[in-house]
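First the structure, in the form of structure tokens, and then the observations on it.
Within every chain, numbering begins at 1; the chains are lettered A, B, ... in the order of the sequence lines, protein sequences first and strands thereafter.
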4 protein chains.
Amino acid sequence: MNGFNKVILIGNLTRNPELRYTPSGTPVASFALAVNRRFRQGEELKDEVCYIDIVVFGKQAEHCGQYLSKGSGVIVEGRLQQRRWETEDGQKRSKHEVVAQSVTFLPKRQDGGGGGHEPGAPDDAPAYEYEEQL
Amino acid sequence: MNGFNKVILIGNLTRNPELRYTPSGTPVASFALAVNRRFRQGEELKDEVCYIDIVVFGKQAEHCGQYLSKGSGVIVEGRLQQRRWETEDGQKRSKHEVVAQSVTFLPKRQDGGGGGHEPGAPDDAPAYEYEEQL
Amino acid sequence: MNGFNKVILIGNLTRNPELRYTPSGTPVASFALAVNRRFRQGEELKDEVCYIDIVVFGKQAEHCGQYLSKGSGVIVEGRLQQRRWETEDGQKRSKHEVVAQSVTFLPKRQDGGGGGHEPGAPDDAPAYEYEEQL
Amino acid sequence: MNGFNKVILIGNLTRNPELRYTPSGTPVASFALAVNRRFRQGEELKDEVCYIDIVVFGKQAEHCGQYLSKGSGVIVEGRLQQRRWETEDGQKRSKHEVVAQSVTFLPKRQDGGGGGHEPGAPDDAPAYEYEEQL
DNA sequence: TTTT
DNA sequence: TTTT
């Protein structure tokens with residue numbers, strides 16, 4: 001069956017992007033993204049980071065090279081891809097990365113204000129309350 | 001068949017959110033989102049807006065009421081829902097809205113800089129170039 | 001701000017698709033999708049349907065015209081779009097529909113077997129259990 | 001910055017799911033998903049597979065154990081997660097997997113018929129045609 | 001106007 | 001009824 005493969009991430013660059021060019025001249029930018037997650041485990045608030053490599057092609061790659069740097073916030077939309085290779089001693093390896101279809105630049109976070117990601121169901125109301133008519 | 005219904009939108013509030021409470025006390029926030037789209041039609045660059053109403057429940061609703069205002073940028077993840085009612089003269093009507101499961105707050109865009117959302121394929125390279133190996 | 005607008009739906013056609021052609025010859029298929037949702041409201045299991053119109057362009061439109069009929073199950077990926085018009089008596093109206101970027105055909109449901117969509121968090125375990133290490 | 005991390009995949013199980021239980025009794029299912037992609041590279045049609053491990057918790061995990069088997073088609077919605085460990089000789093390793101928030105079961109594809117996933121823009125019409133008014 |  |  002033909003698949004569907006969509007990833008949407010918001011995070012920060014862990015370093016400046018690298019800009020290179022393919023033999024035929026297509027720009028290629030790559031960087032690693034740190035995607036933070038905060039969750040409650042029983043009483044404690046915990047933080048967790050997921051690092052993932054991002055690859056971007058074409059004119060967007062050049063924009064990334066120009067406007068992004070370590071710490072920049074971005075929204076990345078793309079697809080998961082697996083890269084396979086062999087180590088020098090013949091072991092097979094693979095890693096997952098995201099091939100970006102779009103990269104949206106976020107400004108450095110303004111201070112003050114609150115906000116952040118507000119995920120999942122609120123915890124101050126029983127689930128069925130969500131079905132109430134307004 | 002049991003369905004699947006997922007919407008992900010990035011856009012800006014067209015007005016301040018309204019915060020109300022259900023009879024049983026669940027907070028409910030609502031606002032309209034403007035989702036912009038830029039596309040090429042032949043030679044011209046065109047812009048198009050899709051306006052859609054968003055409803056949020058629970059603690060997130062209160063956060064929306066607190067931190068969002070007209071113009072704020074957000075990522076909304078939720079499901080499409082249809083609301084049905086009758087007009088005073090007995091006509092049946094319905095509209096679609098999005099019941100948000102999560103609302104992510106985006107900072108105001110920095111000025112200067114470039115970037116912005118860079119959707120789809122770059123226009124300076126033929127599509128197949130994207131498949132080039134690096 | 002430039003937006004992001006993604007919709008993924010699974011449902012059934014409420015009628016046979018209509019296939020037409022634009023003046024310039026692009027095929028256009030349209031149909032309505034019924035997306036079912038089952039949820040628990042307190043003790044009761046409830047069912048709810050969201051109906052939404054789908055438009056498809058190009059070769060896919062022809063495939064839809066050929067292979068789909070009332071009741072067919074499909075996965076639709078696309079974007080929300082608003083259509084605006086005026087009624088004969090000059091009232092402004094608009095409706096939301098989905099412009100499909102892809103349509104995946106599902107076979108009629110096999111009998112036996114269980115399954116269906118399994119959404120959200122399980123209800124037999126406290127949320128923090130989800131963070132347990134394996 | 002607090003992140004956003006959403007993955008939506010459609011693919012097939014490469015093997016039967018494994019069902020285990022955490023010490024505290026939470027069910028945990030795991031399986032690998034094959035997500036196919038077909039693309040045009042110049043003249044040729046190419047196929048590519050991305051394999052990724054999926055983990056599911058709770059009641060859904062039990063449903064997966066009961067109803068899914070090698071080859072089953074599913075829609076997985078979840079988040080990317082990185083697992084870190086050390087090899088016996090002290091090397092640090094990590095891999096990405098997807099923690100599913102929902103798993104939707106797809107029926108086996110009917111034979112005959114046409115269809116399948118029809119991604120992206122049709123190839124029989126110039127892109128701007130898509131913007132034509134109907 | 002409605003599908004499984 | 002509309003936002004950047």
Side-chain angles (χ1 to χ4, degrees), chain A residues 75 104-107, chain B residues 1-5 9-18 30-38 47-54 64 68-76 82 84 91-97 105-119, chain C residues 1-5 9-18 30-38 47-54 64 68-76 82 84 91-97 105-117, chain D residues 104-107 110:
Chain A
I75 308 176
T104 302
F105 303 164
L106 298 176
Chain B
M1 195 216 187
N2 204 335
F4 181 85
N5 183 336
L9 301 172
I10 302 181
N12 302 277
L13 302 221
T14 63
R15 44 178 173 79
N16 292 336
E18 272 176 53
S30 54
F31 52 85
L33 201 66
V35 180
N36 298 291
R37 190 169 85 96
R38 168 160 293 176
D47 284 289
E48 191 180 84
V49 196
C50 177
Y51 296 102
I52 179 110
D53 286 330
I54 312 289
C64 289
L68 296 180
S69 57
K70 185 176 174 173
S72 298
V74 291
I75 307 178
V76 170
Q82 211 176 359
R84 276 159 264 224
Q91 290 180 54
K92 289 192 177 170
R93 289 286 193 73
S94 91
K95 64 169 287 215
H96 290 277
E97 58 191 18
F105 303 164
L106 298 176
K108 314 284 182 194
R109 296 227 55 216
Q110 83 251 60
D111 36 63
H117 185 46
E118 304 286 345
Chain C
M1 196 213 188
N2 204 334
F4 179 83
N5 183 336
L9 302 172
I10 302 184
N12 302 276
L13 302 221
T14 63
R15 45 178 172 79
N16 293 334
E18 273 178 53
S30 54
F31 51 86
L33 202 65
V35 181
N36 298 291
R37 190 168 84 98
R38 169 161 293 176
D47 283 290
E48 191 181 85
V49 196
C50 177
Y51 296 101
I52 178 109
D53 287 329
I54 311 289
C64 290
L68 296 179
S69 57
K70 185 178 174 170
S72 298
V74 291
I75 308 175
V76 169
Q82 212 176 358
R84 276 160 263 223
Q91 290 179 53
K92 289 193 177 170
R93 290 287 193 70
S94 90
K95 62 169 288 217
H96 291 277
E97 58 190 19
F105 302 164
L106 297 176
K108 314 287 178 191
R109 293 228 63 208
Q110 80 257 56
D111 35 63
H117 181 46
Chain D
T104 302
F105 303 164
L106 298 177
Q110 83 252 61

Option among B/L33, B/V74, B/N36 that satisfies the side chain to side chain contact (heavy atoms under 4.5 Å, CB included) test with B/N12: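 Exactly one option meets the side chain to side chain contact (heavy atoms under 4.5 Å, CB included) with B/N12, and it is B/N36.
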
Nearest listed nucleotide, side chain of [X], among [options]:
{"X": "B/T14", "options": "F/dT2, F/dT4, E/dT3", "result": "F/dT2"}
{"X": "C/R15", "options": "E/dT1, F/dT1, F/dT4", "result": "E/dT1"}
{"X": "B/D53", "options": "E/dT3, F/dT1, F/dT3", "result": "F/dT1"}
{"X": "B/K70", "options": "E/dT1, F/dT3, E/dT3", "result": "F/dT3"}
{"X": "C/A32", "options": "E/dT2, F/dT1, E/dT3", "result": "E/dT2"}
{"X": "B/K92", "options": "E/dT1, F/dT3, E/dT2", "result": "E/dT1"}

Record whether the side chain of C/N12 comes under 3.5 Å of the base of E/dT2 through a donor-acceptor pair of N or O atoms.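 Answer no: no donor N or O sits under 3.5 Å from an acceptor.
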
Grab the [atom1]-[atom2] distance between [X] and [N] for me, whole Å please.
{"X": "B/N16", "N": "F/dT1", "atom1": "CG", "atom2": "P", "value": "19 Å"}
{"X": "C/N5", "N": "F/dT3", "atom1": "CG", "atom2": "P", "value": "18 Å"}
{"X": "B/F105", "N": "F/dT3", "atom1": "CZ", "atom2": "P", "value": "20 Å"}
{"X": "C/L13", "N": "E/dT2", "atom1": "CG", "atom2": "C1'", "value": "11 Å"}
{"X": "B/I75", "N": "F/dT3", "atom1": "CD1", "atom2": "P", "value": "21 Å"}
{"X": "C/K95", "N": "E/dT1", "atom1": "NZ", "atom2": "C1'", "value": "11 Å"}
{"X": "B/L33", "N": "F/dT1", "atom1": "CG", "atom2": "P", "value": "18 Å"}
{"X": "B/R84", "N": "E/dT2", "atom1": "CZ", "atom2": "C1'", "value": "10 Å"}

Taking the six-membered ring for Trp, does B/Y51 stack with F/dT3 (centroid gap under 5.5 Å, planes within less than 30°)?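 So B/Y51 does not count as stacking on the base.
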
Does the side chain of B/I75 reach to within under 4.5 Å of the side chain of A/I75, using non-hydrogen atoms?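 Counting from C-beta outward, B/I75 and A/I75 do come under 4.5 Å.
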
With sequence neighbours excluded, what pairs up with C/D53 under the side-chain hydrogen bond (donor to acceptor under 3.5 Å, both in side chains) test?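 Testing C/D53 for side-chain hydrogen bond (donor to acceptor under 3.5 Å, both in side chains), a comparison that skips the adjacent residues, returns C/K95.
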
Taking all non-hydrogen atoms of both residues into account, name the closest pair between B/I10 and B/V35 and its distance.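 Reported closest heavy-atom pair: O-CG1, 3.5 Å.
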
Check B/Q82 against B/S94 and note the closest heavy-atom contact, atom names and distance.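 Distance-wise, the nearest heavy atoms are NE2-OG, 3.4 Å.
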
